[in-house]
Amino acid sequence: MGRRWLLLVLLFTLPVNVHASQADSKQVWNDIAANVLEFGKQEKFDRSKMMLEEFSIVFPGKQSSELSNTELRVILNTHDRALKAVTSMDKANDQRIQALTEFRLAVDALVTEEQPIWHQTDDQILPLIHEMSTAIEHGDVDVYKASKDRFLGSYSTIRPAMAIDLSPETQQRLDSHIAFIEKYASGRNTELSGQLETMYDDFKNAYNPSYSEESSLMWLIVSIGGIIIFTLVYVIYRKYKGEKETLKRKQMD
């Protein structure tokens, strides 16, 4: 009897312990990534390097089978870039911080299920798109170029984190906008204004998927409402026409 109770206890407690262990491992990843960036901001790049080396020891650990190929590739690539940044003597501090920030955001996106840090960059990305659009409207090529450079720099920092959280289709759509702007768009391109407007909506949807759902719902409500109104008007018209014809027949009789 005692053995059976022991077996039951083990069966019920083992999954909980495994889950707790997995959660603890992910928290360790996040803590290390946070320290990497914090030491970098303090220009203690030797400490950042130590933290990055520690990360390479604990990641991915036993959770490797639970991570997708995209997640593994993104984290390992950002980790490699961060490590190269802190060990390179010819990189400026702002370039180093950018690489460490990229790594920090990617790890956070992997670990955090709701509202990862990259979601907080909408107040940086969206205004820059708006600035580019306004510059095009006013024909100010220099302002457009400056806004574009800042936008591309910010996007390159958050893109790895977005690639972890967003669907491949959404990420590909965003990247197609970037490719157009980088290769084909100039401040005098007549197609640029419409491209920027679409890009703004796509980025807004990426930051807030409910925005797209609300727009679709509103369109559906308006469409259904229009159909209902049209039907009612048609029914009223047919009824009026029928009554008029009936009255006309009575008058003729």
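What you are looking at is a predicted structure, and each value in this text was computed from that prediction instead of being measured.
Tyr207 and Trp118 have tilted rings, their planes meeting at an angle from 30° to 60° on a 0 to 90° scale.
Counting heavy atoms of neighbouring residues, nucleotides and ligands inside a 6.0 Å radius, atom CD of Gln42 exceeds 12 of them. The 12-atom threshold is not exceeded at CD of Glu197, counting heavy atoms of other residues, nucleotides or ligands nearer than 6.0 Å. Remark: Arg47 CZ is loosely packed, at most 12 non-hydrogen atoms of other residues, nucleotides or ligands lying under 6.0 Å away.
Judged purely by atom type and a 3.5 angstrom limit, Glu71 uses its side chain to pair as donor or acceptor with the backbone of Ser68. With Ser48 contributing its side chain and Gly40 its backbone, the two residues share a donor-acceptor pair below 3.5 Å. Here the side chain of Arg96 pairs a donor or acceptor atom with the backbone of Ser88 at under 3.5 angstrom. Side-chain atoms of Asp80 never come within 3.5 Å of backbone atoms of Leu76 as a donor-acceptor pair (strictly under, hydrogens ignored). With Gln95 contributing its side chain and Ala92 its backbone, the two residues share a donor-acceptor pair below 3.5 Å. Proximity of a side-chain donor or acceptor of Asn35 to a complementary backbone N or O of Asp31 within less than 3.5 Å is detected. Under the 3.5 Å distance criterion, the side-chain polar atoms of Thr78 are matched with a main-chain donor or acceptor of Ile75.
Taking all atoms of both residues into account, the shortest heavy-atom contact from Met162 to Ala206 is CE-CB, 4.3 Å. The minimum heavy-atom distance between Ile164 and Ala106, with the atom names listed, is CD1-O, 3.4 Å. Contact record, Ala85 with Lys91: CA-CD, 3.8 Å, taken as the closest heavy-atom pair. Counting all heavy atoms, side chain and backbone alike, Thr70 lies closest to Ala163 at CG2-O, 3.9 Å.
Hydrophobic clustering keeps Val28 apart from Met50 (ILVMFWY residues linked when any side-chain heavy atoms are closer than 4.5 Å, directly or through intermediates). Linking Ile, Leu, Val, Met, Phe, Trp and Tyr whenever their side-chain heavy atoms come within less than 4.5 Å leaves Val143 and Leu192 in two separate clusters.
Side-chain contact between Met132 and Met199 is present, with heavy atoms from C-beta onward closer than 4.5 Å. Considering only heavy atoms from C-beta on, Ile178 stays 4.5 Å or farther from Leu174 through its side chain. Put simply, the side chain of Lys148 does not reach to within 4.5 Å of the side chain of Leu128, judged on heavy atoms. With contacts defined as side-chain heavy-atom distances shorter than 4.5 Å, the pair Asp140/Thr134 does not qualify. Taking 4.5 Å as the limit, every side-chain heavy atom of Pro160 sits out of range of all side-chain heavy atoms of Asn77. Phe103 has its side chain within reach of Leu52: a pair of non-hydrogen atoms, C-beta onward, lies under 4.5 Å apart. Looking only at side-chain heavy atoms (C-beta outward), Trp29 and Lys26 come within less than 4.5 Å of each other. When side chains are defined from C-beta on, Phe59 counts as touching Leu72, because their heavy atoms get closer than 4.5 Å.
In this structure, CG on Leu126 lies 5.0 Å from OH on Tyr200, to the nearest 0.5 angstrom. Here the OG atom belonging to Ser25 is positioned 12.5 Å from the CG atom belonging to Asn30, to the nearest 0.5 angstrom. Interatomic distance, Thr101 OG1 to Leu37 CG, rounded to the nearest 0.5 Å: 4.5 Å. Considering NZ of Lys204 and CD1 of Ile125, their distance stands at 15.0 Å, rounded to 0.5 Å. A distance of 7.0 Å separates OG in Ser176 from CD in Gln195, rounded to the nearest 0.5 Å. Atom CG of Asn208 sits about 9.0 Å away from atom NE2 of His119, to the nearest 0.5 Å.
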From CA spacing to verdict: side-chain contact (heavy atoms from CB on, under 4.5 Å), Gln115, Gln120: CA-CA 8 Å; Gln115 293 300 315; Gln120 302 173 20; 5.9 Å; no
Output, in order, the C-alpha distance, side-chain angles, deciding distance and verdict of salt bridge (charged side-chain N to carboxylate O under 4.0 Å, His left out) for Arg173 and Glu169. CA-CA 6 Å; Arg173 186 172 177 84; Glu169 294 77 16; over 6 Å; no
Determine, step by step, whether Ile117 and Thr112 satisfy the side-chain contact (heavy atoms from CB on, under 4.5 Å) criterion, reporting the C-alpha distance in whole Å, the side-chain angles of both residues, the deciding distance to 0.1 Å, and the verdict. CA-CA 9 Å; Ile117 297 174; Thr112 306; over 6 Å; no
With side-chain contact (heavy atoms from CB on, under 4.5 Å) as the criterion, how do Leu100 and Lys41 come out once you've worked through the C-alpha distance, each side chain's angles and the decisive distance to 0.1 Å? CA-CA 9 Å; Leu100 300 185; Lys41 290 178 178 179; over 6 Å; no
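In this model, no donor atom of one side chain and acceptor atom of the other lie less than 3.5 Å apart for Gln98 and Asp94.
Judged as a side chain to side chain donor-acceptor pair (under 3.5 Å), and not counting sequence neighbours, the contacts of Lys145 are Asp149.
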